[in-house]
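Read the structure below first, then the notes.
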Amino acid sequence: MIMIWNRKEVFVGCSLQRFNEVCSTLSISGIKYKYNVVDSTTSSYFGSSNRARAGTFGINMEYTKTYYLYVHKNDYDNAQALLRN
């Protein structure tokens, strides 16, 4: 199933634990999902990263990754209801 244009974001956050909880909840309920992880300490396509310019001193490493979860737009309401509980 291609979800590029037919997806909606149901979760965005920096907590790996919460990300795993949401994935588990969706999986148990039979809702397919896609995810993306953005690491702010790695270089980007458009130049150097923040880390390359300033290092990681003083950066809380628990907040360097942002997790995004997407579901098919037809499953969005059901996923939202599950994640509210």
Side-chain angles (χ1 to χ4, degrees):
M1 167 168 54
I2 297 176
M3 291 188 1
I4 294 172
W5 305 111
N6 294 321
R7 69 183 183 183
K8 286 186 142 186
E9 185 179 275
V10 293
F11 174 80
V12 61
C14 294
S15 169
L16 177 59
Q17 179 180 351
R18 180 65 182 140
F19 170 76
N20 288 329
E21 290 170 0
V22 172
C23 289
S24 178
T25 299
L26 295 174
S27 292
I28 290 169
S29 301
I31 297 175
K32 293 182 181 181
Y33 60 88
K34 298 284 184 182
Y35 67 90
N36 188 25
V37 180
V38 177
D39 187 342
S40 64
T41 63
T42 60
S43 62
S44 70
Y45 295 117
F46 304 108
S48 63
S49 68
N50 290 336
R51 192 186 97 209
R53 289 189 301 271
T56 58
F57 180 75
I59 296 175
N60 186 340
M61 297 308 282
E62 291 181 23
Y63 298 104
T64 60
K65 290 187 172 110
T66 304
Y67 303 93
Y68 298 88
L69 270 170
Y70 307 94
V71 298
H72 192 276
K73 66 181 181 180
N74 295 338
D75 294 325
Y76 179 77
D77 291 333
N78 190 21
Q80 286 287 37
L82 287 167
L83 297 176
R84 268 181 274 203
N85 296 332

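What you see is a predicted model, and the numbers here were worked out from it, not measured in a lab.
- Every residue was checked against the side chain to side chain donor-acceptor pair (under 3.5 Å) condition with Tyr67, not counting sequence neighbours, and none meets it.
- A search for salt bridge (Lys or Arg N to Asp or Glu O under 4.0 Å) contacts involving Glu21 returns Arg18, not counting sequence neighbours.
- Scored by the side chain to side chain donor-acceptor pair (under 3.5 Å) test, Gln80 finds Tyr76 as partners (sequence neighbours excluded).
- Residue pairs meeting the salt bridge (Lys or Arg N to Asp or Glu O under 4.0 Å) criterion with at least one member in residues 76-85: none, sequence neighbours excluded.
- Both Leu69 and Val37 are members of a single hydrophobic cluster when ILVMFWY side chains are connected at heavy-atom separations under 4.5 Å.
- Every residue meeting the side chain to side chain contact (heavy atoms under 4.5 Å, CB included) condition with Ser29, not counting sequence neighbours, appears here in chain and number order: Ile31, Leu82.
- For the atom pair OH (Tyr33) and CZ (Phe11), the distance works out to 12.0 Å, reported to the nearest 0.5 Å.
- In this structure, the side chain to side chain contact (heavy atoms under 4.5 Å, CB included) partners of Asn36, at least two apart in sequence or on a different chain, are Val38, Tyr68, Tyr70.
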